[in-house]
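Every heavy atom of this structure was used, including side-chain atoms; hydrogens, water molecules and symmetry mates were not. In what follows, every chain begins at residue 1, and chains take the letters A, B, ... in the order their sequences are listed. This structure is a prediction, so every number in the text was calculated from the model and none was measured.
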Protein chains: 2
Amino acid sequence: MMIRVMVVDDQALVRRGFSLVLDNEPDIEVVAEAGNGLEAIEAAREYQPDIILMDIRMPEMDGLEATARLLQEKRTEAGDTACRVIILTTFDPDEYVFRALQAGASGFVLKDIPPEALVEAVRTVADGGAMLSPGITQRLISQFAQKLGTGRNLAERLERLTTREREVLAAIADGKSNAEIAEALFIGPATVKTHVSSVLSKLGLRDRAQAVVFAYECGLATAGGRDVGF
Amino acid sequence: MMIRVMVVDDQALVRRGFSLVLDNEPDIEVVAEAGNGLEAIEAAREYQPDIILMDIRMPEMDGLEATARLLQEKRTEAGDTACRVIILTTFDPDEYVFRALQAGASGFVLKDIPPEALVEAVRTVADGGAMLSPGITQRLISQFAQKLGTGRNLAERLERLTTREREVLAAIADGKSNAEIAEALFIGPATVKTHVSSVLSKLGLRDRAQAVVFAYECGLATAGGRDVGF
DNA sequence: GGCCGCCTCCCCCTTTTGGGGGAGGCCAGA
DNA sequence: TCTGGCCTCCCCCAAAAGGGGGAGGCGGCC
């Protein structure tokens, strides 16, 4: 099964370089090239590559924007351009990584990686995996661990709460009013007030808004899962 | 510069296998082996390895616990055991990855990786990078992108707010009362009420607690940075 | 100039919230 | 058995929050 690759970079020489390296592999076929984001989107429609190697800095439309559009199409139209994107760049500021992953990229590697590693990255991503430069993986892990780590100290405070109180706190962190909590937990509104009071007092908080903050900070509530369809 | 490695696994055969592969490299030296977490901690103290390959499932003390203790020492005593840990396991449940990264591991690879890749992983981590199995990187990215992605739709609603209103929302998401917001923004409490009201009305929220939820969900506030020293 | 959006502040009002008690039932551990 | 923690609900009360107006100043835009 050939892996169909498209190379997107505004510098023709760079493009040819990558293409040659990849085309040299028996299981990889470079089916298209593009010089900017707009061309990339068109070419992707026409040639249906499996993998797109995308530069960031390009005229007309940069690689991040193009990636976002390509993968958004994929998500909405479903099955059209079911390709996966590897961002290939010389620079690695956090901001780019951030936006690249948000756009849906499956890889983020620096252009100075050895050719074999690039080939391996293409195979890995074609296989459903993801590949980041070691340093980037490192930072991603740090950020992740940080989010978990901070929860530690606060999670201890959480343990001073009874089961019911934690349930109430979770409901508060859901944006529910006391009446709604009562309904959700099948108890009276007065009881909810009691629980809310002990939650606030035990955690040293002043009002439910601070309780929501606390819930998010300690990991009881996490951004991303919720609908916010209040 | 030789990379000093320690291999920790309860199965002697597995241990020997990895050791042989690594010792065969000119720049890598296996300086110790251990059969469980306790031994690993002792041996690490004695042999000061740069890299520890750590299995998870082991008697006495598992690899995650050992990793956490080793790296906690490192953080507190500073400079003692300045090693980095690669978790090497047959299983890859999310839960393990989660805990491994929290413990401070710099790598998480499955035992079925090809020997060259393992060697490469050791070099990468010794070099300050991090290495995850492709599938794990993939999931880490998804989780990360999810947290960012949901912010998209909500961030649009955010743009309906004026600058001042966003400032007020941020203050609400900080757990501040109207009076505190007034003080922080150098405006009167009545003005704060006005802003809060328009924030709630523009975003379709009912109370400040929901506003806090919204702020976290859309990324205006993020878990991890705050003190919660209310 | 006139219009409009934004920021600022004021009034009055109702609802919610949070604090301070008290009280009964239930269950586990001393 | 009895004590203590937990869950449940009640009372009263003060403070805060939220909704509904109105109004003046200010800067941009047509």
Side-chain angles (χ1 to χ4, degrees), chain A residues 154-218 220-221 228-230, chain B residues 154-218 220-221 228-230:
Chain A
L154 300 178
E156 292 171 12
R157 283 211 251 166
L158 243 190
E159 287 166 19
R160 311 194 76 84
L161 301 182
T162 67
T163 308
R164 206 50 161 172
E165 287 162 354
R166 266 192 297 273
E167 288 173 358
V168 170
L169 175 56
I172 292 176
D174 222 53
K176 290 188 169 71
S177 69
N178 287 344
E180 287 169 339
I181 296 175
E183 198 176 352
L185 298 185
F186 306 105
I187 55 181
T191 308
V192 176
K193 287 192 62 177
T194 306
H195 290 314
V196 171
S197 283
S198 27
V199 167
L200 296 180
S201 124
K202 282 187 181 179
L203 297 179
L205 308 172
R206 183 184 48 203
D207 50 47
R208 61 204 303 106
Q210 291 193 341
V212 176
V213 174
F214 183 92
Y216 272 94
E217 292 294 335
C218 80
L220 206 177
V228 197
F230 291 127
Chain B
L154 301 178
E156 291 171 12
R157 285 209 251 166
L158 243 189
E159 285 165 22
R160 312 193 78 83
L161 301 182
T162 68
T163 307
R164 208 50 164 169
E165 287 162 353
R166 265 191 297 274
E167 289 173 358
V168 170
L169 176 54
I172 292 177
D174 223 51
K176 289 188 170 71
S177 69
N178 288 345
E180 286 169 341
I181 297 175
E183 198 175 353
L185 298 185
F186 306 105
I187 56 180
T191 309
V192 176
K193 286 192 63 173
T194 306
H195 289 314
V196 171
S197 284
S198 24
V199 167
L200 296 180
S201 126
K202 282 187 181 177
L203 298 179
L205 308 173
R206 182 184 49 201
D207 49 48
R208 61 205 302 109
Q210 290 193 341
V212 175
V213 175
F214 183 92
Y216 272 93
E217 293 294 334
C218 80
L220 206 178
V228 199
F230 291 126

Minimum side-chain heavy-atom gap [X]-[Y] below 4.5 Å:
X	Y	answer
Leu169(A)	Leu203(A)	yes
Leu220(B)	Phe214(B)	no
Ile181(A)	Arg208(A)	yes
Asp174(B)	Glu180(B)	no
Leu185(B)	Val192(B)	no

Go ahead and write out DNA chain D as dot-bracket, 5' to 3': ( ) for pairs within the strand, [ ] for ones crossing earlier pairs, | when the partner sits on another strand, dots for unpaired; Watson-Crick or G-U wobble, both distances under 3.5 Å. ||||||||||||||||||||||||||||||
Please state whether the phosphate of dG19(C), meaning OP1 or OP2, lies under 4.0 angstrom from any side-chain nitrogen or oxygen of Ser197(A).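 True: Ser197(A) side-chain N/O within range (under 4.0 Å) of dG19(C) OP1/OP2.
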Do any side-chain nitrogens or oxygens of Asn178(A) fall under 4.0 Å of OP1 or OP2 in dT16(C)?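 No, no such contact exists.
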Starting at [atom1] of [X] and ending at [atom2] of [N], how long is that distance when rounded to a whole Å?
X	N	atom1	atom2	result
Lys193(A)	dG22(C)	NZ	P	17 Å
Arg208(A)	dT17(C)	CZ	C1'	7 Å
Arg206(A)	dA16(D)	CZ	P	9 Å
Asp207(B)	dG18(D)	CG	C1'	9 Å
Leu200(B)	dT16(C)	CG	P	15 Å
Lys202(A)	dG18(C)	NZ	P	17 Å
Leu203(A)	dG18(C)	CG	P	13 Å
Lys176(A)	dT16(C)	NZ	C1'	18 Å

Give me the atom names and distance for the closest heavy-atom approach of [X] to [Y].
X	Y	value
Ala184(A)	Lys176(A)	CB-CE, 4.2 Å
Val213(B)	Ala173(A)	CG2-O, 3.3 Å
Lys202(A)	Arg160(A)	NZ-O, 3.2 Å

Select base, sugar-phosphate, or nothing to describe what Thr191(A) touches, counting heavy atoms under 4.0 Å on all strands.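 Base contact.
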What parts of residues 180-190 of chain A reach DNA chain D, counting only heavy atoms under 4.0 Å away? Ile187(A), Gly188(A), Ala190(A)
Output for pair (Ile172(A) CD1, Leu200(A) CG), nearest 0.5 Å, gives 6.0 Å
Please confirm whether any donor atom in the side chain of Thr194(A) sits under 3.5 Å from an acceptor in the base of dC9(D), or the reverse.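 Yes, a donor-acceptor pair under 3.5 Å.
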Go nucleotide by nucleotide along DNA chain D from the 5' end; which of His195(A) and Ser201(B) gets its closest nucleotide reached first?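 Residue closer to the 5' terminus by nearest nucleotide: His195(A).
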Could you identify which residues of residues 163-172 of chain B place a heavy atom less than 4.0 Å from some atom of DNA chain C, listed by residue number, or say none?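 Output list: Thr163(B), Arg164(B).
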Result of checking Glu165(B), Arg164(B), Lys193(B) against Ser198(B) for side chain to side chain donor-acceptor pair (under 3.5 Å):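 Answer after filtering Glu165(B), Arg164(B), Lys193(B): Glu165(B).
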